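Shown next, in structure tokens, is the structure this report addresses.
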Amino acid sequence: MEYDHKAIEEKWQSRWEQQPDLFHADVDPSRPKYYLLEMLPYPSGTLHMGHIRNYAIGDALARYKWMRGYSVLHPMGWDAFGLPAENAAIKNKRPPREYTLSNIAHMKGQHRRFGFSYDWSCELATCEPEYYRWNQWFFLKMLERGLAYRKHARVNWCPKCNTVLANEQVVDGCCWRHEDTPVEQRALEQWFLKITAYADQLLDSIAQLEEGWPERVLTMQRNWIGRSEGARIDFRVADSGEPITVFTTRIDTICGATCVILAPEHPLMEKLTAGRPDLAAAARRLAESQQGRDPADLVKEGIFLDRFAINPFNGERLPIWSANFVLMEYGTGAIMAVPAHDDRDYEFCKKYGIRVRHVVVPTEDQATSAGLAFTEDGVLINSGPFTGLPSDEARRNMTAHGRERGFAEAAITYRIRDWGISRQRYWGTPIPIVHCPKCGTLPVPEDQLPVLLPLNIEITGMGGSPLRQVPEFLHVKCPRCGVAAERETDTMDTFVDSSWYFYRYCDPRNDRQPFDPAKIRYWFPIDQYIGGVEHAILHLIYSRFFTKVMRDLGLVANDEPVKRLFTQGMVIREGAKMSKNLGNVVEPETIADKYGADTARLFSLFAAPPEKDLDWNDAGVEGMYRFLARVFRFVTREHPAGDGSADRQVLRKLHQTIRKVTEDFETRWHFNTSLAAIMELVNELYQQEANVSAAVMEQTLPALVLLLAPFAPYTAEELWAQLGRQGPVMRVPWPSFDPALAAEDEAEVVVQVNGKLRGRLTVPKQTPKEELERRALADPKVRAHLDGKQVVKVVTVPDKLVNIVVR
RNA sequence: GCGGAUGUGGCGGAAUUGGCAGACGCGCUAGAUUCAGGUUCUAGUCCUCGCAAGGGGGUGGAGGUUCAAGUCCUCUCAUCCGCACCA
């Protein structure tokens, strides 16, 4: 029978669709559960190969888990808010909602075509009021707890997106979506979520993730949080006594401080430059030189403020400077410069002729680095009573000393900043806030949620928040006093939507709460999350933050949302990421038309292990098609009843294959090797067809089909039916292997002389060492290499090798 | 600059625990099938010397440990990724 992928796909697609419960699992405490999640896609309109690969990996696992008897939650939804819909609206005059929904419909069709086993009964789209009302609800809960707040802040602005970006969305000083567009700084009233309140928890509970998350992602998150321990120290301005607070991790070097440097925007700058318009102007220029900075090539510049500060440790008068490399956003916005022990300070002080004083020297066993400054720990000199102490001890003593005298305290600073969520765009969740001229900024009462996004709106892309242009949205009565007031017109960052969507999947139609906590207790944590590494910090840190807030709200019991994370590699072609610009895109639909969905899935699993980048290769796809057709032909054809002389061999191969594929599922997911093993089995069957008894053939073929089922579900389902078996194949138990049948009863033992291969012995398994050595030394080929030499030593590893060392 | 990953035939990759380097697939070569092409089936395919039997070399490079190294250690080169004035 010929392999007609089109007919097979169409047949099973419609059969599967007639069984809506096929991929649905209820809460069932009597069975082990498995929550498998792939990152929800933005509905751009078409699936690309990266999606197919992502879902093929997930689907193989989902089907395998079903066959192993798990209750599997495998949902899919749509990250449906966001800029592209709005841009399309500007360009094509298509309403964002209509555009988005039609994209979703199209992509859902593609999903079905590829045969992914999603439970569509929990499908959700984040742009629907039933979903985003809970974004608003979470926002109000955070507001109540002081975790959402508004402030006037300098923020990152992308002139192409016409909106604010979170710090996490700025890449190399440019917008994450427009890599050639430098981010500008603007001062705006913005809403923030206080992720910094959870900085310590986010850092500490990384320990819980070490087993199941890639180390790389955890390292990135640790760096992003950027905790550093140190001290805050007050330097007083000479004459006025005004304190300048600096943060340092190296209080042990404080006696080497030779100046104090403020960020140009530091609040004290105004006072310190009072009466000196020349300095004030220079400071403004400094601040500007930071703007749109490409951090790599910013030249350090500074000005002397003609004022002095007193070092509280040794009473020295230090000049006060302002410099562009000191950041207002980090620490206290002021530093003490210790040029002898910090490379940046050294560079700055050298440039301006500020003196350098060494206060830490390397210990004897420490190699002195050839660097400009000695930045490592050592032993203190020139530090009054602290001289002679090692750095770490000095830090403790000096901090304690400063605390006693009231001018210093231990302090911890984080690199992570609060999450700015205001976006001056239309297609997002409205922030549920009313600005009343009398009562100020008020939350929309919970019972008035959702604040609906108006749909009758023309998007122009010009001039600020589009919602300001919609009078019936904008004008509202104050919920407290009833006077005319205005709604907040900014919408939320779409990363809010994706920070908790996986909870909603468990209870997607709940209209009283975001979800029923009892259902969460059954399904959570997510057993396996699969997605691209590009979300290592953005989405994955926001999600962890949301979970901790939800835990504190009593909604969930788990501390972390995701037990195991898998980051799959990219799909590349001709050495580059697939992109329209490069013209190297392969459309999944094209492949599905020509070779079928199973072929596309199989190739994306076979061409590389899933965590590595996959090099798309058209000829390789043909190979996969050939393989499926070869399996199909073999399983569906009549087999002559053989004499059974190859039964043992074929059964052994079968059970070895089952063992191999099962192991791959249970450990590292190297499905490329699983498929290679299945191919070997098929090759063996072709070769031994005539020598296999009918009985063995009858047990081998169904097992082969089951092994293939997680990878090529259409073909497997059809073959299962062709074998006269009852499906669906994903409800059939996974084949088990018999170790006795899988075991080899003979071993090929390699004989080496001085590590070089000189012969082979075929012996029964577990042949004793002495016997192996005897036979090795008796082998004529081996003897030829021993001629005239003296045997020094013989190393024997049973069932593996004999190595004869001669001189 | 700091941190991490990777480096194996013409190509994608395998070798999971120090024990036969190159499984499996692509490509290529030959044979069979076919009017021919394609399909399918079979065999071969790391490099090199040799008619052959057989030998020599080989996992980015250089050293080392070991009876034995793709695998462990040191140094080094290349590519990719992340971070980058975070005090």
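By convention in this document, chain letters (A, B, ...) are assigned in the order of the sequence lines, proteins followed by strands, and residues within each chain are numbered from 1. Heavy-atom basis, side chains included; hydrogens, waters and symmetry copies ignored. It should be emphasised that the depicted structure is a prediction, and the values quoted were computed from it without experimental measurement.
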Length of the line joining A:Phe606:CZ and B:C11:P, which is rounded to integer Å:
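Atom-to-atom, A:Phe606 to B:C11, this comes out as 17 Å.
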For the pair made of CG in A:Leu681 and P in B:A23, what is the distance, rounded to whole Å?
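Distance check: A:Leu681 CG to B:A23 P gives 18 Å.
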Can you confirm whether more than 12 heavy atoms, excluding those of A:Arg633, are under 6.0 Å from its CZ atom?
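Enclosed.
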Would you mind telling me which of [options] lies closest to the side-chain atoms of [X]?
{"X": "A:Met679", "options": "B:A15, B:C41, B:G25", "value": "B:G25"}
{"X": "A:Gln752", "options": "B:C67, B:C83, B:G19", "value": "B:G19"}
{"X": "A:Arg415", "options": "B:G12, B:G19, B:A84", "value": "B:A84"}
{"X": "A:Val795", "options": "B:A84, B:G19, B:G13", "value": "B:G19"}
{"X": "A:Tyr686", "options": "B:C85, B:G13, B:C41", "value": "B:C41"}

If you measure from the C1' atom in B:G61 to the same atom in B:G55, how many Å do you get, rounded?
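Nearest-Å result for B:G61 against B:G55 at atom C1': 27 Å.
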In whole Å, measure the gap between the C1' atoms of B:A14 and B:G82 for me.
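Rounded to whole Å, the distance is 29 Å.
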Give a yes/no on whether any side-chain N or O of A:Arg626 is located under 4.0 angstrom from OP1 or OP2 of B:G27.
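Yes, A:Arg626 has a side-chain N/O under 4.0 Å of OP1/OP2 on B:G27.
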So, is A:Arg668 near the phosphate of B:A15, with a side-chain N or O under 4.0 Å from OP1 or OP2?
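True: A:Arg668 side-chain N/O within range (under 4.0 Å) of B:A15 OP1/OP2.
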Please state whether the base of B:C81 and the side chain of A:Arg216 form at least one donor-acceptor pair under 3.5 Å?
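Result: no qualifying N/O pair found.
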Establish whether the base of B:C85 is bridged to the side chain of A:Lys300 by a donor-acceptor pair shorter than 3.5 Å.
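When only heavy-atom distances are counted, A:Lys300 does reach the base of B:C85 through a donor-acceptor pair under 3.5 Å.
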Partners passing ring-ring contact (aromatic ring centres under 6.0 Å, His included) against A:Phe606 (at least two apart in sequence or in another chain):
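For A:Phe606, no residue satisfies ring-ring contact (aromatic ring centres under 6.0 Å, His included) once neighbours in sequence are set aside.
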Tell me what [X] touches on the nucleic acid: a base, only sugar-phosphate, or nothing, going by heavy atoms under 4.0 Å.
{"X": "A:Asn683", "result": "sugar-phosphate"}
{"X": "A:Glu748", "result": "base"}
{"X": "A:Gly226", "result": "nothing"}
{"X": "A:Ser228", "result": "sugar-phosphate"}

I'd like to know if A:Arg775 pairs up with A:Asp779 as an ion pair, taking the criterion as any Lys NZ or Arg NE/NH1/NH2 lying under 4.0 Å from an Asp or Glu carboxylate oxygen.
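Salt bridge between A:Arg775 and A:Asp779, a charged N being under 4.0 Å from a carboxylate O: no.
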Once base and sugar-phosphate atoms are separated, protein heavy atoms under 4.0 Å mark nucleotides 43-57 of chain B, 5' to 3', with B, S and - as S-----------SSS
